[in-house]
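A short write-up of the structure that comes next.
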Amino acid sequence: MNKLLIATNNEGKIVEFKELLAGSGIEFVTPAQINLQLEVDEDGSTYRENAAKKAIAFAQASGLISLADDSGLEVDALGGAPGLYSARYSPKPGANDRDRRNFLLKNLKDKPRPWTAHFHATIAVARPAGEIEFAEGNCFGEIIPEERGMGGFGYDPIFLLTELGKTMAELEMEEKNRLSHRARAVMAAMPLLKKMLSEKNS
Ligand code: ITT
């Protein structure tokens, strides 16, 4: 079987993908493990376009079948924002995850609750020659005004899984990896991943 490159620079995603792929029989490497430093300009207008751009760029740079994830948080009261711009959602230069969470809460402050929202993930798996396949996943919940929990990354401490009564950051990794948008997208991608990796890599 060919090796899979996890085509992301986001450490939080890498930790999750490693767990999600463990036990699948798929052999994978990270960009750091192959000394690959690549920043892709995410200028697409859909998750698919951005995921495809990242997967193809990493596949061409590494010669490996590559899996990229383009994801985001969509808040209904904000018309779906931050969405595609979730990683860059703050006016502050050099903003971190906490700045982005604070900016989101500031924008929601005067809106009536519940602040329903969902995470979305589109996964693209690309061969160096350009063939590409997609899979998607969503996870529904609501934004809450105070941070809870230490796990995960990004918007996890303010994203409540309403029925569970826990934020994404209060879940054990194993739980997040059963319920999350990324977990659902990986589950949906599994058959095509195994098929692509078992065929000749060109
Ligand atoms: P790569 O492009 O290198 O994969 P990135 O962080 O730029 O890393 P995206 O463009 O897909 O990735 O941005 C997704 C953003 O959406 C991410 O930075 C978080 O702010 C948010 N996000 C996505 N999945 C999340 C999750 O599981 N928990 C919390 N926030 C998440």
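We count ligands from 1, going down the list as the structure has it; atoms in each ligand are counted the same way. Residue numbers count from 1 along this sequence.
Heavy-atom separations between Arg88 and ligand 1 are all 4.0 Å or longer.
To the nearest 0.5 Å, atom CG of residue Asn177 and atom CZ of residue Phe17 are 9.5 Å apart.
Salt-bridge formation is detected for the pair Lys54/Glu42: a Lys NZ or Arg NE/NH1/NH2 atom is positioned less than 4.0 Å from an Asp or Glu carboxylate oxygen. Salt bridge Glu174/Arg178: present, at least one basic N to carboxylate O contact under 4.0 Å. Using a 4.0 Å cut-off between charged side-chain N and carboxylate O, Lys53 and Asp43 make a salt bridge. Checked for salt-bridge contact, Lys166 and Glu175 meet the test: a charged N lies under 4.0 Å from a carboxylate O. Of the charged side-chain nitrogens involved, at least one lies within less than 4.0 Å of a carboxylate oxygen, so that Glu131 and Arg127 count as a salt-bridged pair.
Every atom of ligand 1 is numbered from 1 in the order shown, and the set under 4.0 Å from a heavy atom of Gly154 is 29 (C), 30 (N). Per-residue contacts place Glu42 under 4.0 angstrom from the following atoms of ligand 1 (heavy atoms of the residue considered): 2 (O), 7 (O), 10 (O). Close approach to Tyr155 involves these atoms of ligand 1, each under 4.0 Å from a residue heavy atom: 20 (O), 21 (C), 29 (C), 30 (N). Of all atoms in ligand 1, listed by their number and element, those nearer than 4.0 Å to a heavy atom of Lys176 are 26 (C), 27 (O), 28 (N). Ligand 1 places these atoms under 4.0 Å from at least one heavy atom of Gly72: 16 (O).
For Phe140, the CZ atom is densely surrounded, since the number of other residues' heavy atoms within 6.0 Å is greater than 12.
Here atom 6 (O) of ligand 1 lies nearest to Asn10 when heavy atoms of Asn10, Asp156, Ile6 are compared. The closest heavy-atom contact to atom 25 (C) of ligand 1, among the options Tyr85, Phe153, Tyr47, Phe159, comes from Phe153.
The protein atom (non-hydrogen) at minimum distance from atom 13 (O) of ligand 1 is Ala87 CB, 3.4 Å. Ranking the protein heavy atoms by distance from atom 24 (N) of ligand 1 puts Arg182 NH2, 2.9 Å first. Atom 14 (C) of ligand 1 has its closest protein heavy atom at Ser71 O, 3.1 Å. The protein atom (non-hydrogen) at minimum distance from atom 16 (O) of ligand 1 is Ser86 CB, 3.3 Å. Considering only non-hydrogen protein atoms, atom 1 (P) of ligand 1 sits nearest to Thr8 OG1, 3.4 Å. Scanning the protein heavy atoms around atom 3 (O) of ligand 1, the nearest turns out to be Asn9 N, 2.9 Å. Given atom 9 (P) of ligand 1, the protein heavy atom at minimum distance is Lys13 NZ, 3.5 Å. Considering only non-hydrogen protein atoms, atom 31 (C) of ligand 1 sits nearest to Phe119 CE2, 3.5 Å.
No N or O atom of Asp97 sits closer than 3.5 Å to an N or O atom of ligand 1. Between Asp70 and ligand 1, an N or O atom pair is found at a separation short of 3.5 Å.
Closest approach of Leu179 and Ala183 over heavy atoms only: N-CB, 4.4 Å. In plain terms, the two heavy atoms of Ala121 and Ala185 that are nearest each other are O-CB, 4.0 Å. Pairing each heavy atom of Leu108 with each of Trp115, the nearest pair is O-CZ2, 3.3 Å. Nearest heavy atoms, Asn50 versus Gly44: OD1-N, 2.7 Å.
For Arg100, no heavy-atom contact with ligand 1 is shorter than 4.0 Å. Counting heavy atoms under 4.0 Å from ligand 1, residue Lys54 touches it through the side chain alone.
A parallel orientation is assigned to the rings of His181 and Phe119, their planes being inclined by less than 30° (bins at 30° and 60°).
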